[in-house]
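Right, one structure below, let's go through it.
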2 protein chains.
Amino acid sequence: MRSSDLPEVRELALFESMSAECFESLMRVAYLQTFPGQLELIAEGDPADFLYIVIEGSVELYAKSNGREATMSIVRPVGTLILAAVLKDAVYLMSARTREKSKILLIPSEDIRAAFRQDNDFARAIVVELATAYRGIVKEYKDLKLRSSVERLANRLLRFHEDQGGNGSVELPDDKKILASQLGMTPENLSRAFNTLKPYGVEVDGALVRLTDLSSLRRLAKPNPLIDSPST
Amino acid sequence: MRSSDLPEVRELALFESMSAECFESLMRVAYLQTFPGQLELIAEGDPADFLYIVIEGSVELYAKSNGREATMSIVRPVGTLILAAVLKDAVYLMSARTREKSKILLIPSEDIRAAFRQDNDFARAIVVELATAYRGIVKEYKDLKLRSSVERLANRLLRFHEDQGGNGSVELPDDKKILASQLGMTPENLSRAFNTLKPYGVEVDGALVRLTDLSSLRRLAKPNPLIDSPST
DNA sequence: GCCGACGATTGATTTTTATCAAGCCCCACG
DNA sequence: CGTGGGGCTTGATAAAAATCAATCGTCGGC
């Protein structure tokens with residue numbers, strides 16, 4: 001494919017400082033594919049053959065062990081999956097499935113590693129990307145270790161609220177089932193957690209949540225920038 | 001200080017491919033200091049002024065929120081703390097305290113970032129270090145999200161056992177209080193978890209644990225290389 | 001050598017969370 | 001149009017984990 005097909009990829013922080021030459025040669029070996037929904041793109045344990053970049057749609061990263069399964073995160077356009085495995089030439093630690101029909105760019109990992117060796121600016125961009133990803137998961141780990149499930153939900157709602165402009169209402173971006181798994185609880189418990197938050201001005205109507213008493217919700221949630229702010 | 005003072009630092013994966021020149025100039029601005037035990041080196045939220053490298057002793061990384069506190073990890077010689085914050089020029093997400101009298105090398109973060117800009121081999125070494133750290137915490141997050149506390153303990157014991165040569169007995173590297181916090185449980189619950197493992201051949205005597213029925217313990221723990229193996 | 005602090009353990013109890021079961025609603029599909 | 005399945009909720013119950021309280025033992029400091 002040609003790089004002109006995907007200006008938005010070129011604008012990714014990961015690629016924008018890359019030399020034109022390197023970028024072109026990466027794009028030449030890349031595949032742009034459209035996948036149906038609910039398709040397993042990656043199974044954990046498989047060798048990392050490709051770097052995946054979500055162009056349209058969305059992808060769920062999840063992990064399994066014994067019979068259990070947990071959603072790790074949702075990747076939306078334009079975002080990359082599992083850069084760390086690609087760089088280390090290791091196996092994937094997480095599985096990935098499309099949530100809906102999605103357009104994905106696949107770049108062979110050997111070519112990513114070659115570009116990383118050749119292009120110093122690219123190597124530096126990767127460092128920033130990895131450092132950001134690392135700090136992101138540190139925050140999620142703290143969230144899970146230091147808070148109860150009701151607190152996690154309250155803080156997540158406040159974060160959504162801020163992301164969405166902060167006008168008192170929130171649109172849940174995914175199914176409640178997935179939200180529950182992201183927050184480390186069962187769907188039943190998520191439902192009950194919403195009920196617990198009712199006295200704090202949380203009114204649920206399907207995917208729409210109204211926050212009618214923010215100060216009281218904040219008092220309960222005690223949001224912490226070192227856990228909740230998106231990119232500190 | 002002179003680089004000849006610390007051959008073991010030069011041998012760190014992070015520094016070994018660095019140019020002699022860059023390494024020398026980093027070492028010139030570095031401080032080697034000895035701290036007493038139980039001293040708070042870093043408070044989360046502070047700007048990342050230094051990269052810390054543990055030369056002797058050990059350092060506990062922990063996080064706080066509301067009243068609660070959780071141990072994130074223990075760094076032993078020769079290991080680095082909070083590289084990601086240094087590279088992003090951000091605030092620390094975790095606090096750090098010495099566990100015992102410890103010798104620490106401090107390198108101003110601005111100098112680390114300068115070296116990262118100048119020395120391409122160093123930039124690449126950082127990528128590997130960060131990717132490894134990222135995958136490490138992904139595993140811990142999976143551990144916490146997908147297993148019960150007894151399973152976490154069983155798997156941790158099996159990992160210690162392997163690290164220590166696998167001769168049927170295990171020496172716990174830290175206080176049980178810290179082990180409990182690392183595993184995401186209270187000390188009381190750790191004690192009870194050891195008791196529930198007794199039928200699986202786990203005999204505790206202080207910091208010494210004897211594993212007398214490995215196959216039965218493994219059957220319970222169901223170790224998973226994508227969670228438990230140190231550096232996959 | 002004694003005291004006090006702290007780690008560890010145990011028991012009793014409460015809180016939190018998961019599991020099991022049933023029912024509702026809505027939408028896609030025949 | 002009806003029907004079936006999936007997402008969601010609710011209730012009842014069970015399991016897991018935390019909390020509170022008390023005790024024991026050890027070790028360092030006075």
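In what follows, chains carry the letters A, B, and so on, assigned in the order in which the sequence lines appear, proteins first and then strands, with residues in each chain numbered from 1. Source: prediction; values computed, not measured.
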Taken to the nearest whole Å, CZ/A:Arg192 to P/C:dT16 is 14 Å
What's the angle between the local helix axes at either end of the helix from C:dG1-D:dC30 to C:dG30-D:dC1, using five pairs per end and rounding to 10 degrees? 30°
With DNA chain C as reference, determine whether B:Pro187 or A:Met185 sits nearer its 5' end, using the nearest nucleotide of each. B:Pro187
Ignoring backbone atoms, establish whether B:Lys176 has a side-chain N or O less than 4.0 Å from OP1 or OP2 of C:dA8. no
Can a salt bridge be assigned to the pair A:Lys142 and B:Glu44 using a cut-off of 4.0 Å between side-chain N and carboxylate O? yes
Phosphate OP1/OP2 of C:dT17 contacted by A:Thr186 side-chain N/O (<4.0 Å): no
note: B:Asp175, atom CG; C:dA8, atom C1'; distance rounded to Å ~ 10 Å
salt_bridge(A:Glu60, A:Arg97) N-O dist < 4.0 Å: yes
Any side-chain N or O of A:Ser191 less than 4.0 Å from the OP1 or OP2 oxygen of D:dC8? no
What integer distance in Å separates B:Leu172:CG from C:dA8:P? 9 Å
For A:Phe194 and D:dG7, what is the distance between atoms CZ and C1' respectively, to the nearest whole Å? 14 Å
Euclidean distance, atom CZ of residue A:Arg147 to atom P of C:dT17 [Å, nearest integer]: 13 Å
Atom CD of B:Glu151 to atom C1' of D:dA15: distance rounded to whole Å? 13 Å
Nearest-nucleotide pick for B:Asn189, side chain only, options being D:dA17, C:dG11, D:dT10: D:dA17
If the threshold is 4.0 Å, N to carboxylate O, is there a salt bridge linking B:Glu151 and A:Arg68? yes
Separation of A:Leu153 atom CG from C:dT17 atom C1', in whole Å? 14 Å
Using whole Å, report how far CG of B:Asn66 lies from P of D:dT19. 12 Å
Can you figure out which of D:dT19, D:dT9, C:dA18 approaches the side chain of B:Glu188 most closely? D:dT19
Mark yes when over 12 heavy atoms from residues, nucleotides or ligands other than A:Glu162 sit less than 6.0 Å from its CD; otherwise mark no. no
Identify whether the distance between the nearest side-chain nitrogen and carboxylate oxygen of A:Asp174 and A:Arg99 falls below 4.0 Å. yes
For the backbone of A:Leu208 and the side chain of A:Asp205, can you confirm whether one donor and one acceptor N or O come within less than 3.5 Å of each other? no
Can a salt bridge be assigned to the pair A:Asp228 and A:Arg147 using a cut-off of 4.0 Å between side-chain N and carboxylate O? yes
